[in-house]
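Here's the structure, in structure tokens; my notes come after.
Counting starts at 1 for both ligands and their atoms, in listed order. Positions are given from 1, in the same order as the sequence printed here.
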Amino acid sequence: MVYYSTNHKSEPATLSEAVVRGLAPDGGLYMPEHINKLPKEFFDHIQELTFQEIAFEVAKAFFGDDIPDADLKKIVYDTLPFDCPVVEVTDRIYSLELFHGPTLAFKDVGARFMARLLAYFREKGGEVNVLVATSGDTGSAVANGFLGVEGVKVYVLYPKGKVSAIQECQFTTLGKNITALEIDGVFDDCQALVKKAFQDPELNAKMKLTSANSINVARFLPQAFYYFYAYAQMKRRGLADDLVMAVPSGNFGNITAALFGHAMGLPIKRFIAANNANDVVYQYLKTGVYEPRPSIPTIANAMDVGAPSNFARILELYGNDHKAITSLISGATFTDQEIRRAMKQCYEATGYVLDPHGACGYEALKEGLKEGETGVFCETAHPAKFKDTVEGAIGAEIAIPERLAAFMAGEKQSIELTADFQKFKEYLLSR
Ligand SMILES: *Cc1c(COP(=O)(O)O)cnc(C)c1O
């Protein structure tokens, strides 16, 4: 498959080039040149298949030209040793739980798939160094996704004292090929160091550097697996007609993957992009005008994005046609107060505990489902990752799952650095 840039100014790339580069040289995002449809028989029998079997069929449609079936199957099966169950919340609203991976966040699947794909391509090249700046969740998913993957070293840069204790121990206690760099600064300093490193000729001549950013095709496309599997589970229940999917969205990678699924023939009737107060796409859907602006902090902080990078892919998918986009996708936006109220209402009415991100998806369905439709929202993180916020909203205590507790028992190992680029560069070169 050939990958082109959404800015249309770079040469087309192969899959391995697109994965190692992340961003195209012209600053655009890579898109596959075509989207293969899956055959009718696949959808006729999808309810009989396992998550791994479904994911493998979807992966073949994306990556089958570039990777032999046996290798791709191993990558997919290694990525998904856990389930993503659909759970009934009300008679019309279902939760697609995407938090059963190692760090209890939906980014696990993309990170794990990308790690395995990079390791696969690396067999033809040398050692790869992944640099990732994080304000919390991305670092833990990437670090755990890449843990123990041969030939790949990961450096997680995070702002000292600015990530939660749970998040910090998810990437500082791992060891092996994962190094945590505790930067004396804020998240923007971490991101600036990573950006400068990618632009530094000396560093790039001596080391192979890559990013594990969510714009990477190897990270966002595998998220399409979720939607096929959700459809299969709803079909098993006899509820797959008139399905509406609500996706809590920040950088819009998850929902873009869902839209790729739709373009491959997945019969979802329509989508709702659920936002917190960072609602530039909601505004675009309403007015046709896209105006990125600085993000504002909310209690659903993994969606605090003011200029969602994957929005360019959505425009590209539908040829910039606002009407085509709004006929399939609608938006919803919620203040912190509304998010808290949704968590409380859902808990009291059903006993189901939402996290602040999933709460946006749930609420979008509650207010937006029409007669005859059934809704599925993505529950993108385990509520225990946002323990204080959730407990404050629902007025009850929630248990910390064993997997999270195990991270917290590990020993923190990190290297302290200032936000000075020269020092960071010397450190990398000394490794
Ligand atoms: C990253 C994240 C999101 C947003 O996903 P996008 O693909 O960036 O739209 C939502 N919820 C949680 C918990 C996340 O970590």
- Between Lys370 and Arg270, is any pair of side-chain heavy atoms under 4.5 Å apart? yes

- Please work out whether the ring planes of Phe51 and Tyr226 are parallel, tilted or perpendicular, with thresholds of 30° and 60°. parallel

- Task: Indicate yes or no: does an N/O atom of Asn254 lie under 3.5 Å from an N/O atom of ligand 1?
- Result: yes

- Element-labelled atoms of ligand 1 that are located less than 4.0 Å from some non-hydrogen atom of Gly253: 6 (P), 7 (O), 9 (O)

- Item | Phe106, portion touching ligand 1 at heavy-atom distance under 4.0 Å | side chain

- Query: How far is atom 12 (C) of ligand 1 from its nearest protein heavy atom, and which residue and atom is that?
  - Reply: Thr380 OG1, 3.4 Å

- Task: Would you check the N or O atoms of Ala381, main chain and side chain alike, for any that come under 3.5 Å of an N or O of ligand 1?
- Result: no

- Item | Identity and separation of the nearest protein heavy atom to atom 8 (O) of ligand 1 | Asn251 N, 2.8 Å

- Task: Using a 4.5 Å cut-off on heavy atoms from C-beta on, say whether the side chain of Lys412 contacts that of Glu182.
- Result: yes

- Message: Among all protein heavy atoms in this structure, tell me which lies nearest to atom 4 (C) of ligand 1, with the distance rounded to 0.1 Å.
- Response: Gly250 N, 3.6 Å

- Task: Assert yes or no for the condition that the ring centre distance of His262 to Tyr227 is strictly below 6.0 Å.
- Result: no

- Sub-6.0 Å ring centroid separation between Tyr290 and Phe311: yes

- Query: Yes or no on salt bridge (Lys or Arg N to Asp or Glu O under 4.0 Å) for Asp200 and Lys195, after CA distance, side-chain angles and deciding distance?
  - Reply: CA-CA 9 Å; Asp200 189 89; Lys195 278 197 179 149; over 6 Å; no

- Message: If we set the cut-off at 4.0 Å for heavy atoms, which region of Asp137 has an atom near ligand 1: side chain, backbone, both, or neither?
- Response: side chain

- Message: Taking the ring centre of each residue, are His357 and Phe386 less than 6.0 Å apart?
- Response: yes

- Residue portion contacting ligand 1 (non-hydrogen atoms closer than 4.0 Å) for Met303: side chain

- Task: Please write down residue, atom name and distance for the protein heavy atom closest to atom 1 (C) of ligand 1.
- Result: Lys107 NZ, 1.4 Å

